[in-house]
Protein chains: 2
Amino acid sequence: MKQKITIKTIARELGVSTSTVSKALNDSHEIGKETKDKIQSFANHYNYKPNSLALQLRNQKTKVIGVILPKIVHHFFSTVIMGIESYANEKGYHIMVCFSNEDYQKEVETLRVLSNGSVDGLIVSIANETLENKDFSHFIDLVEEDIPLVLFDRVVDDILCDKIVVDDVGAGYKATKYLVDIGCKKIGMITTPDHVSVGALRRLGYEKALIESYVKTDKNLIIKIDEKQDIKKQIEQLFEQNIDGVFAVNEIYAANTMRIAKEKGLNIPNDISIIGFTDGLISEYSSPSITTIAQHGFTMGRQAVELLIERIENETEVFNPKKIVISSDLKLRESTKPSS
Amino acid sequence: MKQKITIKTIARELGVSTSTVSKALNDSHEIGKETKDKIQSFANHYNYKPNSLALQLRNQKTKVIGVILPKIVHHFFSTVIMGIESYANEKGYHIMVCFSNEDYQKEVETLRVLSNGSVDGLIVSIANETLENKDFSHFIDLVEEDIPLVLFDRVVDDILCDKIVVDDVGAGYKATKYLVDIGCKKIGMITTPDHVSVGALRRLGYEKALIESYVKTDKNLIIKIDEKQDIKKQIEQLFEQNIDGVFAVNEIYAANTMRIAKEKGLNIPNDISIIGFTDGLISEYSSPSITTIAQHGFTMGRQAVELLIERIENETEVFNPKKIVISSDLKLRESTKPSS
DNA sequence: GAAATTCACGAAATCGGTTTCGTGTTGACA
DNA sequence: TGTCAACACGAAACCGATTTCGTGAATTTC
């Protein structure tokens with residue numbers, strides 16, 4: 001390894017003290033012009049870069065934000081990351097990205113490692129297994145240590161911190177209402193198990209829209225996907241009933257539904273209308289393209305990090321957790337009949 | 001902010017020296033069992049965590065790997081990240097992810113910031129604008145500073161460092177050869193401008209396959225997409241000729257091609273066969289599903305970080321840059337006729 | 001010409017750990 | 001009883017910066 005150039009090197013080489021070098025490089029008025037020039041040009045010539053670890057240790061801040069996601073090969077989470085990085089970058093922060101892979105143990109471990117001073121704050125979307133366990137003590141400990149934390153998308157009330165969520169109930173309502181409005185009589189829903197909060201909330205919206213339209217909700221029309229089993233088989237059950245509309249809580253479920261419908265010889269959207277969630281590439285490029293709820297992941301990411309940085313930089317303030325709800329839009333495409 | 005508990009706190013509280021505390025926590029034989037127990041249980045009770053910044057500064061290593069990508073809302077890069085994180089994690093490293101957004105300036109800036117000691121090494125895929133500029137001095141400086149660097153996917157010869165690439169020529173050959181074999185007579189190619197090395201290499205493979213099959217290559221059959229313009233319009237030009245096969249260098253181009261073919265009333269795969277690149281969700285879920293070259297991004301990520309960690313941990317070795325070529329597979333789906 | 005400022009710089013503490021080296025106490029052994 | 005090793009712990013240097021405070025010399029002020 002080539003010899004790293006430090007303040008000490010410069011000081012020795014130029015016969016001055018380290019304090020003088022430091023001040024000169026920071027353009028302090030205490031240092032005479034001549035000395036300053038000499039030091040600066042020397043530093044410049046040897047491409048001196050202050051060691052950030054030393055600065056971080058001294059300033060007790062890293063300008064790094066930890067981000068823990070359940071997964072990333074997923075359009076929504078990718079866009080959230082972009083949003084986070086975008087705003088963080090504007091504010092001079094960097095992001096450290098980790099994945100829980102939906103695994104409780106890995107989430108706990110990652111949280112533990114990141115909370116030892118290597119980041120100024122954390123943005124997290126909770127792993128499925130954790131939501132299932134309902135064990136949030138690792139987050140609660142974090143909050144007690146006063147480490148700034150912002151949860152997004154998958155959140156729980158037990159943790160006292162800032163949160164960013166999409167208006168899942170509203171989105172579920174919007175999607176279902178649209179299906180009712182275009183004339184669907186029997187609308188199925190494809191969702192996640194109950195412990196995944198977002199799935200449960202979207203279902204609430206679904207039911208609300210049906211009740212409002214005086215349609216009886218039918219438990220057999222709601223499929224809760226177990227991802228450990230074969231997804232297509234589970235969805236096929238829904239087709240045993242005479243459905244003419246489907247609301248799926250994500251792109252993959254919607255795409256699978258569409259494929260099954262086609263295989264059964266149904267015409268989309270004339271025989272059956274399908275609405276998905278997450279405005280990703282699948283919805284955009286499949287044919288017919290899929291009407292979907294756009295979650296605005298980029299905005300969510302920006303909002304999350306904006307909230308976090310505010311917490312980090314004004315830590316003295318009284319703590320009053322905020323919850324920001326991002327509205328979502330229905331993006332009409334070809335998988336639904338046009339509204340009359 | 002709650003008072004952070006440090007070694008000094010423990011030492012003061014227990015009436016011992018900081019060295020004793022440090023040794024006790026590291027289970028040194030120098031410390032008596034009684035003292036050790038006392039210190040350990042105290043530390044445990046107050047949930048002491050050693051400040052990682054202090055350790056990093058002392059050990060002169062951060063156990064962090066910087067990753068710079070052109071973008072992330074892209075199946076290939078997402079899977080590479082997963083691969084990187086997966087292996088890094090096994091080896092006790094974390095990753096710091098940044099994006100160049102295909103922008104030269106941002107790449108330079110990010111490289112500058114990350115090379116000041118905050119990471120032990122870097123994994124980068126070069127931004128398009130940089131490839132266009134052909135200005136790689138920021139990378140060359142990095143190498144001269146002996147900061148371990150691994151390039152992947154988009155690489156250039158000018159930079160002396162380890163590289164991981166897919167066998168782009170081979171992949172282009174494989175795809176085109178398959179199209180020839182199933183009977184396509186006029187095969188178009190949809191690629192990137194020449195400065196994007198991967199596009200150029202895949203084209204070489206395409207041409208090689210055609211020449212081998214005694215098919216004359218025709219410049220009009222090759223469309224170089226300018227992403228700043230409307231993609232569909234550019235692809236449509238290709239259909240003015242009587243093509244019966246298309247090889248596209250990514251998913252998006254392939255999906256667009258398929259859509260246009262459908263709009264023109266062509267049957268896929270009977271009238272025209274289409275092969276894409278990147279085995280992402282679009283290829284999997286569109287209908288018909290798209291035959292594609294699977295790049296094995298996860299493997300690439302793991303290989304890249306494996307190489308990098310080896311460089312980091314054996315820095316004394318003579319430097320002899322390696323180039324690892326990852327082979328890619330043709331994943332047959334519905335957009336191509338079955339081989340007879 | 002003595003006192004007060006200003007100027008330009010250095011010594012040392014600090015951030016939170018690790019590690020080397022030194023030292024006082026104890027026990028064993030001759 | 002004197003010697004020496006083993007034991008248990010502390011002092012201080014170190015990683016690479018910043019920053020407070022102090023100080024000698026030059027300059028200004030009365």
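Proteins get letters first, then strands, A, B, ... in listed order; numbering begins at 1 in each. Since we're looking at a predicted model, the values are computed, not measured. Any value given below was found using the heavy atoms of this structure, including those in side chains, with hydrogens, waters and symmetry copies removed.
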Using atom CG of B:Asp37 as one end and atom C1' of D:dA8 as the other, report the distance to the nearest whole Å.
15 Å

A:Lys23 side-chain proximity, nearest of C:dT18, C:dA11, D:dT18
C:dA11

Starting at CD1 of B:Ile31 and ending at C1' of D:dA6, how long is that distance when rounded to a whole Å?
14 Å

Is any side-chain N or O of B:Thr35 under 3.5 Å from a base N or O of D:dA8, one able to act as donor and the other as acceptor?
no

Salt bridge or not for A:Arg302 and A:Glu85, using N-O below 4.0 Å?
no

Of A:Val150, A:Leu151, A:Leu114, the one forming a side-chain contact (heavy atoms from CB on, under 4.5 Å) with A:Leu122 is A:Leu114

Check the distance between D:dG16's P and B:Gln60's CD and give it to me in whole angstrom.
4 Å

Selection from C:dA11, D:dC21, D:dA11 that lies nearest to any side-chain heavy atom of A:Glu30:
D:dC21

Using the side-chain heavy atoms of B:Leu55, tell me which of these nucleotides is nearest: C:dT18, D:dT18, C:dG16.
C:dT18

Taking C:dG17, D:dG16, D:dT18 as options, the one with an atom nearest any side-chain atom of A:Ile7 is D:dT18

Whole-Å distance, B:Lys4 NZ to C:dG16 P, equals 9 Å

Measure from the side chain of B:Arg58, starting at C-beta and using heavy atoms only, and say which of C:dC9, D:dA17, C:dG17 lies closest.
C:dG17

Which part of the nucleic acid, if any, lies within contact of B:Asn59, taking any heavy atom under 4.0 Å across all strands shown: a base, the sugar-phosphate backbone alone, or nothing?
nothing

SB check B:Lys106 B:Glu129 (cutoff 4.0 Å)
no

With distance as the sole criterion, do the side chain of A:Ser19 and the base of C:dA11 form a donor-acceptor contact below 3.5 Å?
yes

Separation of B:Asn89 CG from B:Met82 CE (nearest 0.5 Å):
10.0 Å

Apply salt bridge (Lys or Arg N to Asp or Glu O under 4.0 Å) to the pair B:Asp162 and B:Lys323, showing each step before the final yes or no.
CA-CA 6 Å; B:Asp162 294 325; B:Lys323 182 167 187 169; over 6 Å; no

Rounded to the nearest angstrom, tell me the gap between atom CD1 in B:Ile5 and atom C1' in C:dC15.
17 Å

Gap between atoms CG and P, on A:Asp27 and C:dA8 respectively (whole Å)
13 Å

Do any side-chain nitrogens or oxygens of A:Lys36 fall under 4.0 Å of OP1 or OP2 in C:dC9?
no

Given C:dG16, C:dT18, D:dG16, which nucleotide is nearest the side-chain atoms of A:Thr6?
D:dG16

Judged by nearest nucleotide, the residue sitting upstream toward the 5' end of DNA chain D, B:Ala54 or B:Ser17, is B:Ser17

Quick check: on DNA chain C, is the nucleotide nearest B:Val21 upstream (toward 5') of the one nearest A:Lys33, or the reverse? Name the residue that is more 5'.
A:Lys33

According to a strict under-4.0 Å criterion, is A:Asn51 in side-chain N/O contact with OP1 or OP2 of D:dC15?
no

How long is the line joining CG of B:Leu57 and P of D:dT18, in whole Å?
13 Å

OP1 or OP2 of C:dG16 versus the side-chain N and O atoms of A:Gln56: is any pair under 4.0 Å?
no

Would you mind reading off the distance between B:His29 atom NE2 and D:dC9 atom P, rounded to a whole angstrom?
12 Å

B:Ser22 side chain near C:dG17 phosphate (N/O to OP1/OP2, under 4.0 Å)
no

Does D:dG16 have OP1 or OP2 under 4.0 Å away from a side-chain N or O of A:Tyr48?
no

Do other residues, nucleotides or ligands put more than 12 heavy atoms under 6.0 Å from B:Lys61 NZ?
no

